[in-house]
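So that we are looking at the same thing, I have put the structure below in structure tokens.
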Amino acid sequence: MGIQGLLPFLKNILTPSHIRNYRGCTVAIDAYCWLHKGAFACAEKLAAGEKTDMYVYYCMKYINMLLSYDIKPILVLDGCHLPSKKNVEKKRRERRELNRKKAAQLLRDGKRKEARDALVQCIDITPQMALELMNACRDKGVDCITAPYEADAQLAYLSQTGIAQVIITEDSDLILFGCHTIMFKMDTSGAGMLIQNKDLNKAMKLQDAHYTFDKFRYMCMLSGCDYHANLPGIGLSKACKAMKLTRQIDVRLILKKIPMLLNIRNLTVSAEYIEGFIRADNTFLYQLVFDPLSRKLTPLNPYPPGVKAEDMHYAGPPMSPDHAFQLALGNMDIQGNRIANFDPAPRSQSWINDTEKTPYLLSIWDPNYKPRGQVPEGEEPTRPSTKGKEVLLQAMGISKPKANEQRRKSEPPLKPIKKGWFR
DNA sequence: CCCTAGTGATACTG
DNA sequence: TCTCGTCACTAGGG
């Protein structure tokens, strides 16, 4: 998953941090990471098909921790599979089935320890489990959104539009999708490692004048990604070297020059490799996401002139706006069956009397919701007071409204929201 | 010498 | 029928 070895490669810009530094902010969460870890707590029961909600409690431990720091969490879940990943999913299913049979045999042989090892290899996170978590979150007034396709692209959209100031995940792909600020390896206390998009040039050891985010993404993709394999023998170090040696910006020309740049004689870059590379790049750039404000599907970044949605079916085939909306709300599964009846409309409560000052604390489905915007200079924001807590809880419908406060006036103005900022 | 790619051990328990 | 692993270590290739 993700880019092999990317986090160790970025160790120079990985900084220890704590989520309490984002008091009053919105944090979007890659729900799969928590569900996967939580599933280990009840692997036997899940494999046996027994009813358990241990994994929900595991995830809610994180949610409650975030709420205790006056942070607004948004849980992001995966939606439909991309067409290009059908084969990968099939292989994973087969691998799980194989381990399931292995575990059963080991159990019959009385080898309990080995049986468990095989068993944990076959646990899968079902949409049903994701729904249980969504229900638990919404009981607490925590926003959830299911991506039309991959949660990765949806999380990047929330980061780029200023809806979320931090993304919590374990998946290094989020860096390629263009998130501003990402926290990796966050534990239940809120401690983790932070990566900021603005520091990536330092990791590549490139001067500002020669660095572009495109170069960083090409480097990662050259070393191999989920959408496209690498050239044999090319990892991050060699890919970085190649990207530093060229001033070319045309991807096709860069790829053709790779054997020359790296001085590798018997390396051929086929036309198929180049076309596959560009499809993968477009999947990072233009994957379909759901915009909760307009309630419409949109590509993560605006299409360049002349490109239409039909040219990008591999980055997520178009679907009807209502289908995407019901999927986003968690009312419909990826097969198109109705599984819930969550209606966000009644959420807009007029008794929340501070929405002019903190509209970003409302539900993202509330008509009065407004993104908070980017944190100035990408630094960790330090809040002057802890008064935000009451406001956040009010907005979530947990506690009664209290007196307003005027802390916003002392803060620097937020940067305007800019789409496609890294180009 | 650096770098890639494979191996084995390992995960969780309001 | 139903959603993604990762890390440390190292052999072996260029």
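Per chain, numbering begins at 1; letters A, B, ... match sequence-line order.
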Rounded to whole Å, the CE-C1' distance (A:Met193 to C:dC7) equals 14 Å
**OP:** Would you mind classifying the nucleic acid contact of A:Tyr55 as base, sugar-phosphate or nothing, using non-hydrogen atoms under 4.0 angstrom?
**Re:** nothing
Taking for A:Gly38 and for A:Leu231 the nucleotide of DNA chain B with the nearest heavy atom, the one nearer the 5' end belongs to A:Leu231
>> Can you classify the ring geometry of A:Phe277 versus A:Tyr273 as parallel (below 30°), tilted (30 to 60°) or perpendicular (above 60°)?
In response: tilted
A:Lys308/A:Asp311 ion pair, N-O < 4.0 Å
no
Of the listed C:dC2, B:dT13, C:dT3, the closest approach to the A:Arg96 side chain comes from C:dT3
Picking from C:dC2, C:dG5, C:dT3, the nucleotide nearest the side-chain atoms of A:Met1 would be C:dG5
Checking A:Met1, A:His36, A:Lys37, A:Met183 against A:Glu170 for side chain to side chain contact (heavy atoms under 4.5 Å, CB included), the one that qualifies is A:Lys37
Look at the side-chain N and O atoms of A:Arg92 and state whether any lies under 4.0 Å from the OP1 or OP2 oxygen of C:dT3. no
For B:dG14 and C:dG5, measure between their C1' atoms and round to the nearest Å. 24 Å
From NZ of A:Lys91 across to C1' of C:dC4 the rounded distance in Å is 15 Å
Parallel, tilted or perpendicular for A:Phe290 and A:Trp365, by the 30°/60° rule?
tilted
Note to self: Suppose you measure atom P in C:dT10 against the same atom in B:dT10; what distance do you get, rounded to whole Å?
What the structure shows: 15 Å
What does A:Lys85 touch in the nucleic acid at a heavy-atom separation under 4.0 angstrom: a base, only the sugar-phosphate, or nothing? nothing
Rounded to whole Å, the CG-P distance (A:Asp187 to B:dT13) equals 12 Å
From CD of A:Glu170 across to P of B:dC12 the rounded distance in Å is 12 Å
Closest to the side chain of A:Gln121, out of C:dC2, C:dG5, C:dC4, is C:dG5
Under 4.0 Å, counting only non-hydrogen atoms across every strand here, what does A:Leu236 touch: a base, just sugar-phosphate, or nothing? sugar-phosphate
Pairwise C1' distance, B:dA11 and C:dC4 [rounded to whole Å] = 16 Å
**Request:** Using a heavy-atom cut-off of under 4.0 Å over every strand shown, decide if A:Glu89 touches base, sugar-phosphate, or nothing.
**Result:** sugar-phosphate
Worksheet item: So what does A:Asp152 hit on the nucleic acid, given a heavy-atom distance under 4.0 Å: a base, only sugar-phosphate, or nothing?
Response: base
>> Please determine whether a side-chain nitrogen or oxygen atom of A:Asn230 lies at a distance below 4.0 Å from atom OP1 or OP2 of B:dA5.
In response: yes
Atom CD1 of A:Ile264 and atom C1' of B:dC3 are separated, to the nearest Å, by 10 Å
Separation of B:dT4 atom P from A:Phe9 atom CZ, nearest Å, is 9 Å
Ring-on-base stacking between A:Tyr58 and B:dC12, under 5.5 Å between centres and under 30° between planes: is it there? no
**Prompt:** Contact class for A:Ile334 (heavy atom, under 4.0 Å): base, sugar-phosphate, or nothing?
**Reply:** sugar-phosphate
On DNA chain C, more 5' by nearest nucleotide between A:Val88 and A:Pro8 is A:Val88
(request) Scan A:Asp171 against the nucleic acid and name what it touches under 4.0 Å (heavy atoms): base, sugar-phosphate only, or nothing. (result) base
Are A:Arg100 and A:Glu97 close enough for a salt bridge, meaning some N to O gap below 4.0 Å? yes
| Below 6.0 angstrom between ring centroids: does that apply to A:Tyr369 and A:Tyr360? | no
Whole-Å distance, A:Leu77 CG to C:dT3 P, equals 12 Å
Ignoring backbone atoms, test whether A:His36 places a side-chain nitrogen or oxygen under 4.0 Å from the OP1 or OP2 oxygen of C:dT3. no
Within the 4.0 Å heavy-atom criterion, would you say A:Arg116 contacts the bases, only the backbone, or no part of the nucleic acid?
base
request  = Assign A:Glu44 to base, sugar-phosphate, or nothing according to its heavy-atom contacts below 4.0 angstrom with the strands shown.
outcome  = nothing
Exercise. Checking all strands, does A:Lys185 fall into the base, sugar-phosphate, or nothing category for heavy-atom contacts under 4.0 angstrom?
Worked result: sugar-phosphate
Taking B:dC12, C:dC4, B:dT4 as options, the one with an atom nearest any side-chain atom of A:Ala41 is B:dC12
Whole-Å distance, A:Phe184 CZ to C:dC7 P, equals 10 Å
Side chain to side chain contact (heavy atoms under 4.5 Å, CB included) between A:Asn301 and A:Gln160, intermediate numbers included: CA-CA 9 Å; A:Asn301 294 288; A:Gln160 291 188 19; 3.4 Å; yes
Closest to the side chain of A:Ser237, out of C:dC4, C:dT3, B:dT4, is B:dT4
Identify whether any heavy atom of A:Asn337 sits under 4.0 Å from a base atom; if not, whether one sits that close to sugar-phosphate; answer base, sugar-phosphate or nothing. nothing
- Query: With a non-hydrogen cut-off below 4.0 angstrom, is A:Val120 in contact with a base, only sugar-phosphate, or nothing?
  - Reply: base
Run the ring-centre check on A:Tyr58 versus A:Phe40 and record whether the distance is less than 6.0 Å. no
Using a cut-off of 4.0 Å on non-hydrogen atoms, how would the nucleic acid contact of A:Ala39 be classed: base, sugar-phosphate, or nothing? nothing
